[in-house]
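Since the structure comes first, as structure tokens, the remarks are kept for the end.
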Amino acid sequence: MIRSAILFLALLCVTQSASAEGFISRLLHHPVPGGVAVLDLGPADTTPSARYQDKPVLVIKEDGSRWIAIVGVGLTVKPGAQQLQVKDAQGSRTLAFNVTGKKYAEQRITLKNTQQVNPNAANLKRIERELAEQTRAYQVFSPGTPSNLLLDKPVNGPLSSRFGLRRFFNGEERNPHSGLDFAVPAGTPVKAPATGKVLLLGDYFFNGRTVFLDHGQGLISMFCHLSAVDVTLGQAVPRGGVVGKVGATGRATGPHMHWNVSLNDARVDPAIFIGAFQP
Ligand code: ZN
């Protein structure tokens, strides 16, 4: 009797929670600003589609049975109730989920090149153009399913600057840290964390030499400050394939690997995907 009551309560909890239960879900579900929400869409014969903040969202089948949505939550999202729009054979519905707060630390950096803190008009124009180009790349939603969601580290080395740090350059606050840094020497090969297609190549004011890799369905990696690029636009890169070499181009105080991960055009903490998330 008691056992069946407990079972009933457990089932009740499952049906009331939108978050999913499988291995990938447990690993990736960190619904904070700059994190990821994994939501259970239930079983269905046809693939459901989902949108968050009017952008298409990664949907995969977990454990061969249930569909899950893997939602990137931008750093600027306020904690509280959020909504996912879902469309499947039954029609359209809204799935609610909750984002909890997270406090990110501050980081103070001194730069000798003051243009990298307060750029002049010509540089501002360039920065604006480059930002638009990169934003368009992050908004690409290609149909392929990512080869793996537990991503490989692009380089083997200690983590240095964490994602989300509030940054002050020469005492002035600028955008928070959009990716994860690894402390590795210049020339270290940068490897694809999953199968990908080269989406964009650039040599940018802030990011320096940069590679965008499309893993499918809006999951996109960006590697920057590179000393060399070893791929061409549109190239298919296998998991572990070398895309470039670590450097210090653009706004960098020294050689390191900076890796961004984006989902549904939201930059999220790459540490989540390598099992190194810190709440
Ligand atoms: Zn960085």
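Nothing here was measured: the structure is a model prediction, and the numbers come from that model. Ligands are counted one by one from 1 in listed order, and the atoms in each one are counted from 1 as well.
When distances from the Zn ion (ligand 1) to the N, O or S atoms of His177 are compared, NE2 comes out shortest. Residue-level check: among N/O/S atoms of His258, ND1 sits closest to the Zn ion (ligand 1). The N, O or S atom of Asp181 lying closest to the Zn ion (ligand 1) is OD1.
Checked by atom type, the side-chain pair Glu172/Asn118 shows a donor-acceptor distance below 3.5 Å. Ser221 and Trp259 share a side-chain donor-acceptor pair at under 3.5 Å. Donor-acceptor pairing under 3.5 Å is recorded for the side chains of Thr94 and Gln85.
Remark: Arg174 is not positioned above the aromatic ring of Phe206, lacking an NZ or CZ atom under 6.0 angstrom from the ring centre and at most 45 degrees off the axis.
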